[in-house]
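Each chain gets a letter, A, B and so on, in the order its sequence line appears, and its residues count up from 1. Heavy atoms only: backbone and side chains are in, while hydrogens, waters and symmetry mates are out.
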Number of protein chains: 2
Amino acid sequence: MTGPEECPPLDDIDRVLVRELVADGRATLAQLAATAGLSVSAVQSRVRRLESRGVVTGYTARINPESVGNMLSAFVAITPLDPSQPDDAPARLEHIPEIESCYSVAGEDSYVLLVHVASARALEGLLQRIRTAADVKTRSTIILHKFYSDRRYIPE
Amino acid sequence: MTGPEECPPLDDIDRVLVRELVADGRATLAQLAATAGLSVSAVQSRVRRLESRGVVTGYTARINPESVGNMLSAFVAITPLDPSQPDDAPARLEHIPEIESCYSVAGEDSYVLLVHVASARALEGLLQRIRTAADVKTRSTIILHKFYSDRRYIPE
DNA sequence: ATTGAAAGAGCTACCGC
DNA sequence: GCGGTAGCTCTTTCAAT
């Protein structure tokens with residue numbers, strides 16, 4: 001799991017492996033070998049290759065934010081207040097742990113963040129920290145319900 | 001990994017385990033035991049409990065969408081065209097694999113989707129499918145760059 | 001709840017193809 | 001690149017505390 005390297009396109013077997021690892025990040029090499037119709041050794045070297053090429057960038061546990069006390073989630077769209085200043089908002093926000101994701105976007109705003117907090121009160125404090133840390137204005141969209149997330153589409 | 005059950009609050013050791021499993025979804029029980037300062041067996045029963053309580057809802061491989069051919073990502077905000085109709089848009093969109101996440105939100109629109117597609121041409125087709133499947137209008141925000149994502153904040 | 005130990009399953013490195 | 005074996009690690013289960 002070092003850095004992304006060369007990237008010749010994935011073959012069908014690679015896609016099978018990626019799909020299964022997305023569905024179950026703890027799938028054993030034996031399981032993967034069974035669905036791919038290959039030996040454990042062959043699957044192991046393919047998975048290593050997918051990791052070293054940066055196709056698979058890591059493994060993680062999916063958690064329910066509410067179960068760890070984050071009762072409120074929101075999208076926060078941000079726009080720099082002073083367009084003449086160098087815009088390094090993502091770097092200036094990276095230390096804030098409540099921010100799950102940070103995207104730059106083409107639209108009304110410059111960036112969109114996905115944040116998780118304990119309460120409305122906590123969101124108020126977070127927005128203040130975001131504004132002062134990055135010198136931006138914020139526009140928040142409260143998430144009422146997560147129907148599904150973390151699905152992954154592997155084409156072909 | 002059956003259904004969420006009772007949920008007495010997490011103690012400090014549980015939070016340590018959850019943090020490590022989020023950072024490395026394939027961490028072994030031995031690794032977890034080392035950082036938690038417990039025996040392997042004790043860690044195993046705690047992890048099983050976190051799973052059965054729905055704190056940890058599963059494990060997944062993180063993948064780079066571009067490396068599997070999804071070169072374009074976007075937020076798609078949708079709003080039902082006919083407010084008098086029953087609104088079951090999320091269910092009517094669930095079969096579309098390009099949709100990674102679906103949230104209902106409090107704001108200008110009813111729902112926000114995160115989608116991944118191969119190209120602008122593919123996005124055009126996807127938007128048509130979304131509109132006809134759910135009888136909604138769409139407002140898309142193209143993602144230019146993902147600075148970070150999939151971070152998880154475990155409070156305390 | 002936690003521990004320790006024993007048995008089974010999985011991972012890794014190496015070798016021949 | 002694929003398959004197979006050997007050695008080691010990890011997981012699982014269980015009795016005991």
Side-chain angles (χ1 to χ4, degrees), chain A residues 1-64 67-69 154-156, chain B residues 1-64 67-69 154-156:
Chain A
M1 211 104 49
T2 41
E5 289 163 23
E6 323 299 287
C7 270
L10 307 185
D11 64 17
D12 293 339
I13 295 177
D14 286 331
R15 272 188 289 269
V16 167
L17 296 176
V18 171
R19 280 198 198 93
E20 185 156 359
L21 282 171
V22 167
D24 178 8
R26 291 192 79 116
T28 66
L29 297 176
Q31 283 175 252
L32 295 166
T35 57
L38 283 183
S39 71
V40 170
S41 311
V43 166
Q44 189 192 27
S45 64
R46 277 175 177 267
V47 172
R48 293 265 165 286
R49 211 180 41 189
L50 290 168
E51 290 168 353
S52 66
R53 284 178 181 168
V55 179
V56 171
T57 57
Y59 302 90
T60 187
R62 275 197 268 253
I63 63 165
N64 179 355
S67 72
V68 295
I154 315 295
E156 228 98 323
Chain B
M1 213 101 50
T2 42
E5 292 164 22
E6 323 298 287
C7 269
L10 307 185
D11 64 18
D12 293 339
I13 295 177
D14 286 330
R15 272 187 289 271
V16 167
L17 297 176
V18 171
R19 278 198 199 93
E20 184 157 0
L21 282 172
V22 166
D24 177 8
R26 290 192 78 114
T28 65
L29 297 176
Q31 283 175 254
L32 295 166
T35 57
L38 282 183
S39 72
V40 170
S41 310
V43 166
Q44 190 191 31
S45 64
R46 277 173 176 270
V47 172
R48 294 271 164 283
R49 208 180 42 188
L50 290 168
E51 291 168 352
S52 66
R53 284 177 180 169
V55 177
V56 171
T57 58
Y59 302 90
T60 188
R62 277 196 266 252
I63 63 165
N64 180 355
S67 72
V68 296
I154 315 295
E156 225 101 324

Under 3.5 Å, side chain of B:Arg26 to main-chain N/O of A:Gly58, donor-acceptor pair present? no
Please determine whether side-chain contact (heavy atoms from CB on, under 4.5 Å) holds for the pair B:Asp24 and B:Gln31, giving the CA-CA distance in whole Å, both sets of side-chain angles, and the decisive distance to 0.1 Å. CA-CA 10 Å; B:Asp24 177 8; B:Gln31 283 175 254; 4.0 Å; yes
For D:dT12, does either OP1 or OP2 sit under 4.0 Å from a side-chain N or O belonging to B:Gln44? yes
From CZ (B:Arg19) to CZ (B:Arg15), nearest 0.5 Å: 7.0 Å
As a quick check of understanding, evaluate side-chain contact (heavy atoms from CB on, under 4.5 Å) for B:Leu32 and B:Arg46, giving each step before the final call. CA-CA 11 Å; B:Leu32 295 166; B:Arg46 277 173 176 270; over 6 Å; no
Nearest-Å distance for atom pair CZ/P, residues B:Arg48 and C:dT2: 15 Å
In whole angstrom, what separates A:Leu29's CG from D:dC10's P? 14 Å
Between D:dT12 atom P and B:Leu32 atom CG, what is the distance in whole Å? 12 Å
B:Asp14 CG to C:dT2 C1', straight-line distance once rounded to whole Å: 14 Å
Under 4.0 Å from OP1 or OP2 of D:dC10: is there any side-chain N or O of B:Arg26 that close? no
A:Val55 and A:Asp14: side-chain contact (heavy atoms from CB on, under 4.5 Å), yes or no, with the steps? CA-CA 10 Å; A:Val55 179; A:Asp14 286 331; over 6 Å; no
Apply the test side-chain contact (heavy atoms from CB on, under 4.5 Å) to residues B:Leu10 and B:Leu50: give CA-CA distance (whole Å), side-chain angles for both, the deciding distance (0.1 Å), then the verdict. CA-CA 9 Å; B:Leu10 307 185; B:Leu50 290 168; 3.8 Å; yes
All N/O pairs under 3.5 Å across the protein-nucleotides 1-5 of chain D interface:
| unit_1 | atom_1 | unit_2 | atom_2 | d |
| --- | --- | --- | --- | --- |
| D:dG1 | OP2 | A:Arg49 | NH1 | 3.3 |
| D:dC2 | OP1 | A:Arg46 | NE | 3.4 |
| D:dC2 | OP1 | A:Arg46 | NH2 | 3.0 |
| D:dC2 | OP2 | A:Arg46 | NE | 3.4 |
| D:dG3 | OP2 | A:Ser39 | N | 2.8 |
| D:dG3 | OP2 | A:Ser39 | OG | 3.2 |
| D:dG4 | N7 | A:Ser41 | OG | 3.0 |
| D:dG4 | O6 | A:Ser41 | OG | 2.7 |

